[in-house]
Amino acid sequence: MIQFSAVAKRYPGGHEALQDVSCEVQAGELVVVTGPSGAGKSTFLKLASGIERATRGSIVVNGQNLSSLGETALAVLRRNIGFVFQDHKLLFDRCAWDNVALPLRIAGASRDETGRRVRAALDKVGLLGKDRAMPITLSGGEQQRLCIARAIVNRPAVLVADEPTGNLDAAAARAVLDLFVSFNRVGVTVLLSTHDEASAAALGGRHLAIASGRLAAGTP
Ligand code: ADP
C-alpha cells in the first residue's frame, strides 16, 4: 500500500532528515515508527502521507507515485488519510462537535450525513457526552481523542499519528493507543510514531526503528 524506495529528504537549508529509506507497509498493517527525538519519524510520516515531498527516491501510495502527482491529486490522496498530531491542532473557538464536523463540511457532506458521521466518530472515541464542550474544558487525553474522532470522521483507509501520546499521562496514553489498535482491528492501516519504548511495546504491530534518518539494519 505504501512503498518507499531509496527515499531521502532534505529540508531547505537543513541536513538530510531521512537517508536511503526503503520499506513497505501493507494494507491493514499496524506499523509503529520508533526512534529518539529528531531521528526522522515525523518526516517519514509526512512523506508517507504526501504532506512533504521526497528529495530523492520514490514513494508509491496505492499504486500512485507521489512525486508525479500535482498538488490537486495529492490533496485528493490525503482525503483518504486521517492525521493525528501531537499538538492537537484543534480549533479552540468551537465545540467538540464542530471540530469533528469540519472535515465533512469542507468535503460538502449533507447535514444528515454530517450528523450521523460525527455522532459515530464521537461515540467511537468515548466523547459523545461531551459533544458541546469547548476543547479548552477537555483533559489532554480527551482533546487527543477528539483529534482522533476528527481524523476518522471521513472513514479513511489509513490513519497516521505523529507522537499521539507525547503529552499524556500513562492512563490517557493507554486509552489513546487502545483506540488505534481497535481501528486497526477493523481493517484501518495504522502508522504511528513514538519515542516511548513502553508505548511501542504496548501497541504490538510491526516496528520500524529510525535512527539519525536511517532505518535500523535488519528492518524488514
Ligand atoms: P522526529 O519526528 O523523529 O523527532 P523529525 O522528522 O521531526 O524527527 O526531524 C528530523 C530532522 O529534520 C531533525 O533534525 C529536524 O530538526 C529536521 N527538520 C524537521 N522538520 C524540519 C523543517 N520543516 N525544516 C528544517 N528541518 C526540519
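Ligands are counted one by one from 1 in listed order, and the atoms in each one are counted from 1 as well. Sequence positions, counted from 1, serve as the residue numbers for this chain.
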Before accepting this row, confirm whether a basic side-chain N of the pair E16/R214 lies closer than 4.0 Å to the acidic partner's carboxylate O.
no
Determine, stepwise, if the pair L91 / D98 fulfils side chain to side chain contact (heavy atoms under 4.5 Å, CB included).
CA-CA 9 Å; L91 299 173; D98 288 343; over 6 Å; no
When hydrophobic residues are tied together by side-chain contacts of less than 4.5 Å, even through go-betweens, does L177 share a cluster with L208?
no
Under a 4.0 Å heavy-atom cut-off, what residues line ligand 1?
Y11, H15, A17, P36, S37, G38, A39, G40, K41, S42, T43
Which residues satisfy the side-chain contact (heavy atoms from CB on, under 4.5 Å) test with A157, sequence neighbours excluded?
M1, N80
Taking only Lys NZ, Arg NE, NH1 and NH2, and the carboxylate oxygens of Asp or Glu, determine whether D178 and R174 approach each other closer than 4.0 Å.
yes
Quick one: do D162 and S42 satisfy side chain to side chain donor-acceptor pair (under 3.5 Å)? Show the steps, please.
CA-CA 6 Å; D162 191 8; S42 178; 2.8 Å; yes
